[in-house]
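The block underneath contains the structure these notes are about, expressed in structure tokens.
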Amino acid sequence: MNAMHQYLLDASRAARLGDPPPPAPGTHDLAVLRAVRDRRRFARVLAGRPARGGLRAALRRAGLLGAGRSVPSRTVPSRTDPSRTDPSRTAPATRSRPAD
């Protein structure tokens with residue numbers, strides 16, 4: 001039995017008994033996730049650690065994130081600035097054909 005089957009069973013039982021129907025599955029998921037996040041932040045403050053940035057700090061300690069930037073750069077090199085072009089992505093030089 002999955003969550004929807006259980007919900008339908010509980011809703012029919014509530015209707016038969018005259019009680020209000022239960023909330024649909026997934027109705028309060030975001031509120032629960034926010035409450036868990038807030039509780040973890042609160043626990044970090046009580047422990048004397050920063051409330052935010054724990055994941056980035058752990059990634060930096062593991063060497064998976066650069067120290068100078070918080071998010072890896074995903075910019076495309078400019079075609080007008082020759083210093084920013086990647087030489088491996090330029091078109092090969094045209095070759096002249098040998099004379100017959």
Side-chain angles (χ1 to χ4, degrees):
M1 181 182 310
N2 62 19
M4 185 55 76
H5 291 138
Q6 184 66 45
Y7 167 73
L8 293 173
L9 181 65
D10 292 341
S12 66
R13 184 180 300 134
R16 194 174 52 231
L17 298 175
D19 293 336
T27 302
H28 301 294
D29 287 355
L30 289 178
V32 169
L33 291 175
R34 286 186 189 115
V36 168
R37 180 195 62 195
D38 292 344
R39 177 66 187 161
R40 292 186 71 211
R41 284 184 180 171
F42 182 67
R44 288 180 65 86
V45 169
L46 290 180
R49 297 188 309 261
R52 297 182 70 169
L55 178 63
R56 286 187 183 141
L59 290 175
R60 277 192 199 101
R61 282 192 304 268
L64 299 174
L65 193 63
R69 56 185 177 180
S70 60
V71 177
S73 175
R74 295 179 187 235
T75 59
V76 177
S78 171
R79 291 181 184 248
T80 59
D81 186 8
S83 66
R84 291 181 46 129
T85 57
D86 184 8
S88 64
R89 296 181 58 102
T90 57
T94 56
R95 297 182 189 174
S96 60
R97 299 175 97 197
D100 289 328

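If you read the sequence from its start, that first residue is 1, and numbering goes on from there.
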Around atom CZ of Arg40, are there more than 12 heavy atoms of other residues, nucleotides or ligands at under 6.0 Å?
no
More than 12 non-hydrogen atoms from neighbouring residues, nucleotides or ligands closer than 6.0 Å to CZ on Arg39, yes or no?
no
Minimum heavy-atom distance Ala14-Pro21, with the two atoms named:
CB-CA, 4.2 Å
Tell me, do Leu33 and Arg37 make a side-chain contact under 4.5 Å, heavy atoms counted?
no
When rounded to the nearest 0.5 angstrom, what distance separates CZ in Arg49 from CZ in Arg44?
5.0 Å
All heavy atoms of Pro25 vs all of Ala3, minimum pair found to be CG-O, 3.9 Å
Heavy-atom pair of closest approach, residues Leu9 and Ser12
O-OG, 2.9 Å
